Every structure is written in C-alpha cells, then in structure tokens.
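Bear in mind the structure is a predicted one, so any value in this text is a computation, not a measurement.
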Amino acid sequence: MAAVTAQASVTVFRPCATTKTQFLAGSSVGKLNREVFVRQAASSYKSFKVEAKKGEWLPGLASPDYLAGSLPGDNGFDPLGLAEDPENLKWFVQAELVNGRWAMLGVAGMLLPEVLTSIGLINVPKWYDAGKSEYFASSSTLFVIEFILFHYVEIRRWQDIKNPGSVNQDPIFKSYSLPPNEVGYPGGIFNPLNFAPTPEAKEKEIANGRLAMLAFLGFVVQHNVTGKGAFDNLLQHLSDPWHNTIIQTFKN
C-alpha cells in the first residue's frame, strides 16, 4: 500500500552553472542539470491512497474464494474451477511447478544448441531433427527406459506430496538423504547454489516456468508453420523486418 499526498505548488526550473572542463570530463556536475525549487502556493492538502491488491488477474473481477493469493503466482485465475478441491490443488501446484522447471530446461535445450550451431561453435542437429540421429540404443528402447525412470520418480514425488518427508532417504544408498524442506523445494543436492526459497524467489520461478511452457508451445507451432527453429526465424525476420513477419507467414 502506498500513501500519496498532493498539494498545490509552483515548480521553478533553473539551469545550473557548468564549466566547460566539467562538461567535457563527464562529471555529474558537468551534465545537464536543473535545480528544482518548489514553492507552496496554497495551504490546502488532499490525500488519497493507492493500493495494489493481489489475487485479481483481471482488475475488477473478484477472485474465487478458494484462491486467497497465498500461493506463489496465485492471481485468482481459475476459469475451469480446477482448484476447488483442496486435495487436487496440492497436486496441481506441484504439477505446475515441476512442468515449469522442465519447460525452462527444455526451452534452453531447444534454443541454445540451435544458436551455437548457427554461429559455428558446435555441430549438432536442431531440436526437431534430434530424434533422427543415431544413439547408443534405438528410439523405442530409449523411450521404455525413460518411461520406467520417470514413472519411478513421479511415484516418489506423489508419495512426498501425500506424506511430506517420507521419501527423503535414498532407498538404495541409505547414507544419502535430503534435509527436511517444503514440498517442491527439496534442497540438498537439488540446490547446489543454496538458494533460499523466499516468497519472491518462488514468484519469479513460477512466472518464468509459465513463460517457458508458453515458449515451448510457441516453438512447436512455429516450426510446424515455418519448418524452421525459433532462432532461424529470428534471423530471417531481422534480415528484412518489414516483409518477414507473422502476417506474411500466415498469408503464404
């Protein structure tokens, strides 16, 4: 909340005296400065308050009762009523958090190799051709391995949501365990830089995760329409900004 007090006044601007040496030297005194004098013209005061209310994704639209603005990124947006059930809400919060983290990694993994290959630092296939390359195993074998590993991880994550702290200890290497932390922020080996999960950090992470999920969708749609990656499309646009735009793409 911010309180602002307004009063009638007269503002007078007067140039400061500046020497040539000070101006050429680039000192703060030598730059274009102005002295500001405020002279009160009346004794009457008017006060008003400006308050930013959290939990309204659209100004003037009331948030649902079950979304009180206490969760990171909670702006009251739930047109389908998915968060009405508190138990479902717990899962949706964690699902969005994990999907946002994967999306941030995925977008970086799609964009950086394309950029580095384009400037000649590495030579790897574009993300949409990566599946055509030969690996140590066939695509179907890699899919089965990935499915099993992710299935195992997701089951343990679900157990942690239902009973926080129940899966902190490694089931095979008993000497390894995670410190007790909030669900979704395990810390330990998963936080090598020891970032504190402050409310501000949580807000930034969820906002960037949502942006990354939209970016991933945009990359996929963009490739299906143009047949190119995001960086190639950017270079094409910069080469002729007035003719290589989304409008011309849809026209063609």
Note to self: Can you tell me if L105 has over 12 outside heavy atoms packed within less than 6.0 Å of its CG?
What the structure shows: yes

Next item on the list: Show the numbers, then the answer: is there a side-chain contact (heavy atoms from CB on, under 4.5 Å) between D232 and K126?
Entry: CA-CA 10 Å; D232 289 337; K126 304 294 177 64; 2.9 Å; yes

Check: If you group Ile, Leu, Val, Met, Phe, Trp and Tyr by side-chain heavy-atom gaps below 4.5 Å, do L214 and W127 land in one group?
Finding: no

Notebook entry, point to check: In Å, rounded to the nearest 0.5 Å, how long is the span from CD of Q222 to CG of L217?
Noted result: 11.0 Å

Notebook entry, point to check: Are V107 and V115 linked, directly or through other ILVMFWY residues, by side chains that come within less than 4.5 angstrom of each other?
Noted result: yes

Notebook entry, point to check: Where do F219 and A230 come nearest, in terms of heavy atoms and distance?
Noted result: CE1-CB, 3.5 Å

Notebook entry, point to check: Within the side chain of S239, is there an N or O that forms a donor-acceptor pair under 3.5 Å with the backbone of Q236?
Noted result: yes

Item checked: Euclidean distance, T245 OG1 relative to D240 CG, rounded to 0.5 Å -> 9.5 Å

Checklist line | From CG (N99) to CZ (F92), nearest 0.5 Å | finding: 11.5 Å

Note to self: With a 4.0 Å cut-off on N to O distance, would you call D129 and K132 a salt bridge?
What the structure shows: yes

Margin query: To check you understand the geometry: which heavy-atom pair defines the closest contact between A212 and G100, and what is its length?
Written below: CB-O, 4.5 Å

Next item on the list: Would you check if the side chain of N88 reaches a backbone N or O of A83 as a donor-acceptor pair within less than 3.5 Å?
Entry: no

Note to self: Is it the case that atom OH in Y135 sees more than 12 heavy atoms from other parts of the structure closer than 6.0 Å?
What the structure shows: yes

Item checked: Criterion side-chain contact (heavy atoms from CB on, under 4.5 Å) on E205 and L97, from CA distance to verdict -> CA-CA 8 Å; E205 182 183 33; L97 183 60; 3.5 Å; yes

Margin query: If we ignore hydrogens and angles and just use 3.5 Å, is the side chain of D85 paired with the main-chain N or O of E87 as donor and acceptor?
Written below: yes

Next item on the list: Report yes or no: does N244 contribute a side-chain atom to a donor-acceptor pair with the main-chain N or O of H237 at less than 3.5 Å?
Entry: no

Check: Are more than 12 heavy atoms from other residues, nucleotides or ligands located less than 6.0 Å from atom CZ of F143?
Finding: no

Check: To the nearest 0.5 Å, what is the distance between CD (E114) and CD1 (I119)?
Finding: 11.5 Å

Notebook entry, point to check: So which heavy atom on A108 is nearest to which on P113, and how close?
Noted result: O-CD, 3.7 Å

Item checked: Donor-acceptor pair, side chain of R210 and main chain of G73, under 3.5 angstrom -> yes

Which pairs would a plain distance check flag for residues 178-199, meaning a side-chain donor or acceptor within less than 3.5 Å of a matching protein atom at least two apart in sequence or in another chain?
| unit_1 | atom_1 | unit_2 | atom_2 | d |
| --- | --- | --- | --- | --- |
| N181 | ND2 | P179 | O | 3.3 |
| N181 | ND2 | P186 | O | 2.8 |
| E182 | OE1 | K202 | NZ | 2.6 |
| E182 | OE2 | K202 | NZ | 3.3 |
| N191 | OD1 | N194 | N | 3.3 |
| N191 | OD1 | F195 | N | 3.0 |
| N191 | ND2 | F195 | O | 2.8 |
| T198 | OG1 | A201 | N | 3.2 |

Next item on the list: Indicate the atoms forming the closest heavy-atom contact of D74 with G76, along with that distance.
Entry: OD1-N, 3.0 Å

Item checked: N/O donor-acceptor pair under 3.5 Å between N224 side chain and V220 backbone -> yes

Note to self: Using 0.5 Å steps for rounding, measure from the CZ atom of F216 to the CH2 atom of W102.
What the structure shows: 12.5 Å

Next item on the list: Answer yes if L121 and V124 sit in the same cluster of Ile, Leu, Val, Met, Phe, Trp and Tyr residues linked by side chain heavy atoms under 4.5 Å apart, and no otherwise.
Entry: yes

Checklist line | Criterion side-chain contact (heavy atoms from CB on, under 4.5 Å) on L71 and I206, from CA distance to verdict | finding: CA-CA 10 Å; L71 296 171; I206 199 67; over 6 Å; no

Notebook entry, point to check: What pair of heavy atoms forms the shortest contact from S139 to G131, and how long is it?
Noted result: OG-O, 4.1 Å

Item checked: Gap between atom CD1 of I161 and atom CZ of R156 - 0.5 Å precision -> 13.0 Å

Checklist line | Given R101, M104, E203, M213, the one that forms side-chain contact (heavy atoms from CB on, under 4.5 Å) with N208 | finding: M104

Margin query: Is there a path of hydrophobic side-chain contacts, each under 4.5 Å between heavy atoms, that joins F150 and V98?
Written below: yes

Check: Do Y128 and L112 belong to the same hydrophobic cluster, where Ile, Leu, Val, Met, Phe, Trp and Tyr are linked whenever their side-chain heavy atoms lie under 4.5 Å apart, directly or via other members?
Finding: no

Next item on the list: Identify the two heavy atoms, one from L67 and one from D78, that lie closest to each other, and give their separation to 0.1 Å.
Entry: CD1-CB, 3.8 Å

Next item on the list: Name the orientation class of the two ring planes belonging to W158 and W91 (parallel below 30°, tilted from 30 to 60°, perpendicular beyond 60°).
Entry: perpendicular

